[in-house]
Amino acid sequence: MAKYGFKAPPETTASEISAILNFNSTAGIGGKRIAVFKNLLDKVKAYNKAKPGLSGRQPVLYFEDLFKAVEAKGPYINFYVKKDLFSALIIRSILKAGNNYGRNVSGKGKTIVIDFSSPNIAKPFGVGHLRSTAIGASLANIYSFCGYKVIKINYLGDFGTQFGKLITAFCFFKKGFPLSEFKDEPIKFLYKLYAGFYKEVEDESAKSTDARVKIKEWGGKDNANASATMSWRSFLETDARTRFKKLEFAMGKNKKDLNGFLKDCKSNRNLDNTKMDININSIRNIKGGNRNMNTPENYNKNGTNIDIDRDELCNFCNRRKDGAGEFAIWTRFRKLSINEFKRIYSILGVSFDYYEGESESAVFAGDIVNILLNTQIARQSMGAIIIPLDFGSSKASGKNKAENKDKYNDNNDNETAVPGLLAKSDGTSLYLLRDIVTAIIRYAKYNFDKMIYVVGSEQSLHFNQLFNIFKILAENKDKLKGGHSLLAECITGIEGKLSHVKFGRIIGMSTRKGNLVFLEDYVNEAKEKALNKIVEVTDDGRLWLHMPDSAKDKPSYYSTEIKDTALKIGLGAVIFNDLKTRRITDVNFNWDNVLSFEGQTGPYLQYTTARINSLISRICTEYGVDKDKYIKNIRSKKKAGEDEADMLHIPGTDEDFGDIYSIIKYLSLFSDVIKEAADFSEPSIVSTYLLELASLFNKYYQNYKLLGLEIETIKKRLLFLYAVKTVISSGLAMLSIPILERM
RNA sequence: GCGUUCAUAGCUCAGUUGGAUAGAGCAACAGCCUUCUAAGCUGUGGGUCGCAGGUUCGAAUCCUGCUGGACGCACCA
């Protein structure tokens, strides 16, 4: 007998128990277990609703229909369910719902903005970005499954002091950095420039070397700003600072009216209602195996059709006061980088609703700062512009306290420890300010109920500051009422709706040679491993059993099908590695672990679905069952009738029923698992569930041979297999892990 | 120093809104492919749930203190 126990504390009254038995959700009793129990009862109700002879209006639960007995034992009340009936109910509801099985409406009518991936355009797309990308993409699917309208935003790191440095390096490092490289591999080129800049600045001799000498060494002409007394290091730093300042100045010239902009955003807010469908469709596409894989090989680099004229670009390096040159160079950096990122995302099978950049908020940064200064919410301190924050204040020793006072506070009237820094003393913006502006713009645009930032835990302080600033702003909203009522509205709306979905670091991630790993190389390494594995199997003559006919004809290591399969396996391994543990846990990176395809891995799950699929095909072929027609037949039945009960009902006396039942019990939890994953913004709840489900199935698979059973018996197993496949595939799609028909 | 966060088997981790005997995978060892895909399955060994108190009928789970690690702490993002 199956036991469904849930906790009932000793003080539980008879009426409370009665309330439970009457299926009213009584919060506070039973917690998680009552949720499972209630879910089960909902299914019974649904079943009864459809049962012939019963009125649909007033579903009646015949307790004895589903339960054999109830007993009180210790702190528990145990319900003993009739396993065979329960199993038929669950299989039926999975077949009916198909890919929508487990979907719920907890987020209906709510909009959630998910800010994830967010690569920096000056740096290669690395493993840290993969983690944010994998977690974010998966949360988008999970929330979407819970009925939320999801808006996926990629917030590019396309602005900030570092871009001054990059432009400086671009303009002065001529030798060793040919522009052809910039055109072919923009990200790697920019990364080299970035690294080159730091290498130069950190070089001890740069402190004393005459800047003019170095400029010539790098292939440049004399530069008016390099005076005789200026060292190379100081020249580079000054030049970089100036260039970013000019860039931001140039950006400010595109400035729009803040109030007008917010008004426009608000009025256009509801025009775009298609986003939810996009999320749903992206899941469907993956399931159908039709995900359009853009492999590095077939990607057309000419797609990055951006005019790069060497001389023209070099002219941009020449100094103009209005920053037009810096702006032109930066624009090209940005475009090339975005194209490159899109190529990577297409390999990963991840999409975004919007690409935004920090630069977009820079347009309004000045306005916001002025407003905050005028309302005295922000103020100057040591030349910089800050918002005093009182959290995280130091309980340090007297000495430190005194130091803090001196250091952080011009007026010594406040013991603020870590203020929010909005702008530097040279007047340029900092990213906290840009995040404030961005949140305001997004709220005006999307009117979100929730916005999550999927960013590493090392940025906790930053987001704490950001959230606290909105708290302070909301408290001071009256000061904004006058000329800024729309701004005030946004600020009040935002408060309390932001959250930082943080994740741990990747430790020890480097190539085997010890350098930084580019994501693409990482994926390729996993793909290569999968290829080798396939070839290993080939030597045994097995591969061709499972590959498409076209591949059988061309048993080549390089056949497209094999390569595609290998890539999907590699992606499965790599993505799952980032999703299998709780977000907060640091991932100890180890090539052997990531490239292992055994045990708790992505390929294990992919293998399980391929295996089920293969078995389903074999059954259909050998028994002459048209699977699609058969399942469609069940699906189309509006009411459950006796014939359907026969098709679904697996007798409890069957030898394999015990194992089937334990799998079905697990399948019945899917919806709760998704909901829980959404509640905690934790994809690993789904991945852990899938591993356990796959493990249960593989045990069943190993223990019972189905081919050879009587046709009526095996047809019921066929529906059961289909149900298992449906749930695992659904879960994999939710994690952005490619599904393989065979492998 | 302050803040955040983590500590469960040799290793990597589940289990944490208090509940029944703390579970997987990897590694080790012993088995299972003429039979539905062995990227699988079965079995064995392996635990003071970091330490010490507290709350409770009951604690890996909640509270306090301690120890150890990771990350962060004024013009980088």
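Every chain is numbered from 1, with letters handed out A, B, ... down the list of sequences.
- Using a 4.0 Å cut-off between charged nitrogen and carboxylate oxygen, Asp654(A) and Lys716(A) do not count as a salt-bridge pair.
- To the nearest whole angstrom, the two C1' atoms, one in C13(B) and one in G47(B), are 15 Å apart.
- The base of U16(B) is paired with the side chain of Arg582(A) by a donor and an acceptor separated by under 3.5 Å.
- Looking at every heavy atom in both residues, Asn698(A) comes nearest to Thr608(A) through ND2-OG1, 3.3 Å.
- Comparing U67(B) with A52(B), their C1' atoms sit 11 Å apart, to the nearest whole Å.
- Ring-plane geometry between Phe125(A) and His129(A) is classed as tilted, the angle between the planes lying from 30 to 60 degrees on a 0 to 90 degree scale.
- Residue contacts for Ala610(A): at a heavy-atom cut-off of 4.0 Å it reaches a base atom on one of the strands shown.
- One C1' atom belongs to C57(B), the other to C49(B), and the distance between them is 22 Å to the nearest Å.
- With its glycosidic angle more than 90° from 0, C13(B) is assigned anti.
- Regarding Leu421(A), its CG atom lies at a distance of 11 Å from the P atom of C73(B), rounded to whole Å.
- Remark: Lys715(A) is not positioned above the aromatic ring of Tyr623(A), lacking an NZ or CZ atom under 6.0 angstrom from the ring centre and at most 45 degrees off the axis.
- The aromatic rings of Tyr431(A) and His462(A) lie parallel to each other, their planes meeting at an angle below 30°, with 60° marking the opposite boundary.
- If you measure from atom CZ of Arg742(A) to atom P of G40(B), you get 21 Å, rounded to the nearest angstrom.
- Between the side chain of Tyr607(A) and the base of A39(B) there is no donor-acceptor pair of N/O atoms closer than 3.5 Å.
- Backbone-only engagement by Glu358(A) is indicated by non-hydrogen atom pairs under 4.0 Å involving sugar-phosphate atoms exclusively.
- Secondary-structure annotation of RNA chain B gives the stems B:1-7 with B:67-73, B:10-13 with B:23-26, B:28-32 with B:40-44, B:50-54 with B:62-66, with a stem taken as at least 3 successive Watson-Crick or G-U pairs whose two distances both fall under 3.5 Å.
- Here A74(B) is the nucleotide among A74(B), A14(B), A39(B) with the atom lying nearest to any side-chain atom of Met382(A).
- For A74(B), its base sits under 3.5 Å from the side chain of Ser381(A) at one donor and acceptor pair at least.
- Taking atom CG on Asn464(A) and atom P on C71(B), their separation rounds to 19 Å, with Å as the unit.
- Of the C1' atoms belonging to A20(B) and G25(B), the separation is 26 Å, rounded to the nearest Å.
- Comparing A27(B) with C11(B), their P atoms are spaced 16 Å from each other, to the whole Å.
- The pair Arg434(A)-Glu356(A) does not count as a salt bridge, with every side-chain nitrogen at least 4.0 angstrom from each carboxylate oxygen.
- At the heavy-atom level, Asp586(A) lies under 4.0 Å from the strands shown only through sugar-phosphate atoms.
- The side chain of Lys533(A) approaches A39(B) more closely than any other nucleotide in the set U37(B), C73(B), A39(B).
- Taking atom NZ of residue Lys725(A) and atom C1' of nucleotide U37(B), one finds them 15 Å apart after rounding to whole Å.
- Ion pairing between a basic and an acidic side chain is recognised when a charged N comes within 4.0 Å of a carboxylate O; Lys675(A) and Asp679(A) show no such pairing.
- As judged by a 4.0 angstrom heavy-atom cut-off over every strand, Tyr604(A) is placed among residues touching the sugar-phosphate backbone only.
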Check: Passes side-chain contact (heavy atoms from CB on, under 4.5 Å), Glu248(A) versus Phe159(A)? Steps please.
Finding: CA-CA 9 Å; Glu248(A) 191 158 50; Phe159(A) 215 61; 3.6 Å; yes
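- G69(B) and C32(B) have their C1' atoms separated by 43 Å, given to the nearest Å.
- Within 4.0 Å (heavy atoms only), Leu691(A) reaches no atom of the nucleic acid at all.
- Note on Ser425(A): a base of the nucleic acid sits closer than 4.0 angstrom, heavy atoms only.
- Under 4.0 angstrom from either OP1 or OP2 of A77(B) there lies at least one side-chain N or O belonging to Arg434(A).
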Polar atom pairs between nucleotides 45-47 of chain B and protein, under 3.5 Å, N or O only, would you list them?
none

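- Distance, Gln702(A) CD to G31(B) C1': 13 Å, rounded to whole Å.
- The aromatic rings of Phe463(A) and Phe467(A) lie tilted to each other, with the angle between the two planes from 30° to 60°.
- Straight-line distance from the NZ atom of Lys699(A) to the P atom of G23(B): 13 Å, rounded to whole Å.
- A salt bridge links Glu598(A) to Lys533(A): at least one charged side-chain nitrogen sits closer than 4.0 Å to a carboxylate oxygen.
- Residues Gln606(A) and Pro738(A) meet the side-chain proximity criterion, which asks for heavy atoms closer than 4.5 Å.
- If you check every strand for non-hydrogen atoms under 4.0 Å, Ser684(A) touches nothing.
- Rounded to whole angstrom, the span from the CD atom of Gln600(A) across to the P atom of A39(B) amounts to 18 Å.
- For the pair Asp659(A) CG and C41(B) P, the computed distance is 13 Å after rounding to whole Å.
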